[in-house]
Enquirer: 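The following block contains the structure, expressed as structure tokens.
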Amino acid sequence: METVSREEFLICAISRLLCTPDICHVAVGAASPIPGAAALLAQATDNPQLRVSIIHGDTNNPFTDGGRELFDCAGQGRIDAFFLGGVQIDGAANINLVGLGKYPETTRRFPGSFGSAYMYFTVPNVFLFAHEHSARVLVPRVDFISAPGSSPDDVARKGGPKYLVSNLAIMEFDRAKKLFRLLSVAPGHSVEEVVEKTGFEIEIAPDVSTTSEPEVEQLELLKRKVAPSLARTYPAFTLRVFGINA
Amino acid sequence: METVSREEFLICAISRLLCTPDICHVAVGAASPIPGAAALLAQATDNPQLRVSIIHGDTNNPFTDGGRELFDCAGQGRIDAFFLGGVQIDGAANINLVGLGKYPETTRRFPGSFGSAYMYFTVPNVFLFAHEHSARVLVPRVDFISAPGSSPDDVARKGGPKYLVSNLAIMEFDRAKKLFRLLSVAPGHSVEEVVEKTGFEIEIAPDVSTTSEPEVEQLELLKRKVAPSLARTYPAFTLRVFGINA
Amino acid sequence: MINSSIDNLISQIDDGALIALPAEYSFVPMDVVRGLIAAQAKDLHLLCVPIGGLATDMLIGARCIETLEAAAVSLGEAGAAPRFSEVVVNGEINMLDATCPAIHSSLQASEKGVPFMPLGGVIGSDLVVHRKDWQVIDDPLGKGNGRILLLPAIKPDFALFHAPLADRDGNVWVGKRRELFTMAHASAHSLVTVERIQNECLLDDDLYAAGTIPSMYITAIAEAKNGAWPLGLAGSYGRDNAAIAEYARAAKTQTGFEAWMQTHLAGKLKCDAGVGA
Amino acid sequence: MINSSIDNLISQIDDGALIALPAEYSFVPMDVVRGLIAAQAKDLHLLCVPIGGLATDMLIGARCIETLEAAAVSLGEAGAAPRFSEVVVNGEINMLDATCPAIHSSLQASEKGVPFMPLGGVIGSDLVVHRKDWQVIDDPLGKGNGRILLLPAIKPDFALFHAPLADRDGNVWVGKRRELFTMAHASAHSLVTVERIQNECLLDDDLYAAGTIPSMYITAIAEAKNGAWPLGLAGSYGRDNAAIAEYARAAKTQTGFEAWMQTHLAGKLKCDAGVGA
């Protein structure tokens, strides 16, 4: 078996999480190549009915009512899964996409909250994606709440955090207890390492396991079928990870 | 000179009222052939910059954002003149498009308020059009207020009644005094007749005059240029009044 | 479901459903309306978007309607809507009088997933007195904008419309008839008839895409040639003014209406009427 | 005014104006942005609809911006927006952080002529703490919907965008880029550059009409071949990723930015860059 890249590993892991009857429509942002590939892979694997909408993408982009349609569509309850990142994520599943340090000055500024402050409330299964599993990203308390992980009863909320996925671990958010539970750890890593590199308290699932490696068929499908359709929307990513030009 | 029909007389009279620098954009409903013809005639006469939008018409219909665009457009302040009818109109310029008798039962039901309850508030120059000048239409108090002629200070209102036009008379609404003032009377009729056939108190302008007859050039323009372009939107009217088939 | 049948569309609409129909300047699904009448649909809540015409008058005459919300009902140049005028005076349906932009805004509220939308004007109209579901509030921003009307979201169970064209992926082209986008976005389901279904994906062509409602909003599509008759379908065929005038005359009485409907529901009489595509 | 010049467009934009620019997935008028920089525009209030990119970063680097409202600013695959990141940290501009649907809704409020629009979600985000112009109110309908956010209408002085096509009547085709309709409707003026102006009226063709902003919303149009470069114009030409990457590198420092801009504002260098139509 060839070496599996970090990106391929993540794509395959996320793809498995998307294969559930609850999820009929996954929307993915234009800046999210790994989730985009995972959603298309889930569709290609065994779920042809799964609808994958890549926002502002040159392919798999069904929107015809302008920039607001994604948000309207989520507000209507037509989107089941969405991905959000975070320069910081805390144990209450609050996310920060704005900056480090005290706002508004900040010591380091990131792009901004995008649609997170809305999508997090409206999409039932939000996947949080940590670009780095460290105590610097997974912090006790975010410096700025772009979008809160939970809401009081007097705020309408149909959506919220479902999983937190990183290169090291897959955690599930328990909305009742308001904490993350470790479900599985990447091959070659330990529960202890995950606990140490997570800057907030987590629960360990009794049946915590090792995250499955990509299957040969999955990888084959990813390279042959998914990557080419991804290339027009995420050209730099597709070139770097799969060596495919748009 | 040929006989001038009632419709031609009204079209020409309204057309003159539309030729004023305040009015750059006239919108006309699909069920308003006389105002529609008047607006197109004003444009053809000496005002090529006058924008005429015939809502839902097959011609002169610039709208591309669906049924709400007319109302949005008015809300944006982009429409300077609009026409409203009334099965009843009262001296305070309240209009009733819903029915006679006590609502909701009513003794006679008419189509309904359409967009009047909004357009009357947003368009600066609303022309009220009475299909019949009688004390049965021009009443002391309408049975149902589809749209009020004036509003208290705590209700935002940029628009309202400007003129009331009938086959007998042209009256102007005085927004400060909240009453109609008789400006001119159709040829062959008297101020006394107008007063008698108006079911509410009116003021008589000191310089009350006789409404001008259509000019030969106006009629010629109306038949040659306006009528054909009207035919696709108001086929029955154009056939009956001008003998032109769509 | 692409390539469904009109019967299948009708079978999805339970008695008591809240259905939305477009105005006559838009794309009215007359075959579906006839189907509902033939199936003796009952207790429907009909939302006219925003004005009713022939379809509304027929559904009222056929006793399919329990509640009607509309800014107006009229046959346009063919005159008053005869069944509507009589039935409303008799108090036989629950009439919710509205004004055009209020209906558009209520649908936009559902489109955006918010519980209400504000609308300027209207205050002082007797509509507000009678619409217990409408609410006037004081300027919530405190910026001197005064009182304003709030309209509750309306979420139809079914948006029903006809369109010139769909594709095999379930996308529907309606061109500039954008109120159909709003209706489809706001409704739980959209049941659509079309003149024609093509193989090529409408979203692959930039020109068509601009006027295409994507399949995610569409529940089922059935082909219905001349499906808007006797109304017109802009760009495809005109109104059959003679047939509409005939209806307007016949439906002046309930007996006349019933005779007319019986004739016109039987068989494919509409094809005999000589409609050109 | 049809067939205006870019200079004429620029001359209409006074210092301090509130301008709206589309996101990079839409049609960004880069020639106008370069024109504003060359004319040393000052104290602009820039509304990104809803995300800023290259254009925003350039205007910030050129000191044209006093207030910036955006849901985010990023160069996309080319990475962080370098001038934005530095200038915001230094507190040199008045930054109004927002979230995408809030900006869309604020423009829709102006489009509808209402003082505010409600939006779900957002409450609990620190955005609400810092946006003094946003207001959270208790469920005004008393239907158990809970608290909700109200966003004040934003009425830009100028909507600025580029488009593939216009006609001699002043209608502009933007296809499915409907946010440009909303921007044009909401703004006092729309100044537009286009690749091409045709004689045939766009509204006369049903296919084009569906994607056409009518002339009543358009103040002036200037032809600008490759006017979105180095960004792409969907359906016409792609992004010039090499030029954008070069910008991203150069603009890491203010000196590098200024050198890059000087080179790129001088003459018609963009044509030498070999942009294919």
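Per chain, numbering begins at 1; letters A, B, ... match sequence-line order. What you see below is based on every heavy atom in this structure, not just the backbone, and it leaves out hydrogens, waters and symmetry mates.
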Enquirer: Counting only non-hydrogen atoms closer than 4.5 Å, does D:I51 touch chain A with its backbone (N, CA, C, O), its side chain (CB onward), both, or neither?
Expert: side chain
Enquirer: When only pairs under 4.5 Å are counted, which of D:S125, D:P50, D:A80 shares the most heavy-atom pairs with chain A?
Expert: D:S125
Enquirer: Below 4.5 Å from any heavy atom of chain D, which atoms of A:T107 appear? Answer side chain, backbone, both or neither.
Expert: backbone
Enquirer: Less than 4.5 Å to any heavy atom of chain A: does that hold for the side chain of D:L119, its backbone, both, or neither?
Expert: side chain
Enquirer: Under a 4.5 Å heavy-atom cut-off, does chain D meet the side chain of A:P33, its backbone, both or neither?
Expert: neither
Enquirer: Please name the pair of heavy atoms, one in A:G66 and one in D:E179, separated by the smallest distance, quoted to 0.1 Å.
Expert: CA-OE1, 3.0 Å
Enquirer: Go through the atoms of A:Y234 and report whether side chain, backbone, both or neither lie under 4.5 Å from a heavy atom of chain D.
Expert: both
Enquirer: Closest heavy-atom contact between D:E77 and A:F237?
Expert: OE2-N, 3.3 Å
Enquirer: With a 4.5 angstrom heavy-atom cut-off, is it the side chain or the backbone of D:A98 that approaches chain A, or both, or neither?
Expert: backbone
Enquirer: Should we say atom CG of A:D22 is surrounded by more than 12 heavy atoms from elsewhere, each under 6.0 Å from it?
Expert: yes
Enquirer: State, to 0.1 Å, how close D:F84 and A:F110 come at their nearest heavy-atom pair, and which atoms those are.
Expert: CE2-O, 3.8 Å
Enquirer: Starting from the C-alpha separation in whole Å, work towards a yes-or-no answer on side-chain contact (heavy atoms from CB on, under 4.5 Å) for D:V129 and A:Y103.
Expert: CA-CA 11 Å; D:V129 175; A:Y103 185 87; over 6 Å; no
Enquirer: Once salt bridge (charged side-chain N to carboxylate O under 4.0 Å, His left out) is applied, do any residues pair with A:E7, and if so which ones, sequence neighbours excluded?
Expert: A:R240
Enquirer: What's the spacing between D:C100 SG and A:I55 CD1 if we round to 0.5 Å?
Expert: 9.5 Å
Enquirer: Is it the backbone or the side chain of A:V98 that comes under 4.5 Å from a heavy atom of chain D, or both, or neither?
Expert: side chain
Enquirer: Residue by residue, scan residues 112-141 of chain A and write down, ordered by number, those that have a heavy-atom distance under 4.5 Å to chain D; if none do, write 'none'.
Expert: A:G112, A:S113, A:F114, A:G115, A:S116, A:A117, A:Y118, A:F121
Enquirer: Quick one: salt bridge (charged side-chain N to carboxylate O under 4.0 Å, His left out) partners of A:D65, sequence neighbours excluded?
Expert: A:R68, C:R178
Enquirer: Not counting sequence neighbours, list each pair that qualifies as a side-chain hydrogen bond (donor to acceptor under 3.5 Å, both in side chains) and has a residue in residues 144-156 of chain D.
Expert: A:D154-D:R147
Enquirer: Please identify, among A:S146, A:A156, A:A147, the residue contributing the most non-hydrogen atom pairs under 4.5 Å to chain D.
Expert: A:S146
Enquirer: Less than 4.5 Å to any heavy atom of chain A: does that hold for the side chain of D:Q108, its backbone, both, or neither?
Expert: side chain
Enquirer: Counting only heavy atoms closer than 4.5 Å, note whether D:T182 contacts chain A via side chain, backbone, both or neither.
Expert: side chain
Enquirer: Once rounded to the nearest 0.5 Å, what's the spacing between atom CG of A:L70 and atom NE2 of D:H104?
Expert: 8.5 Å
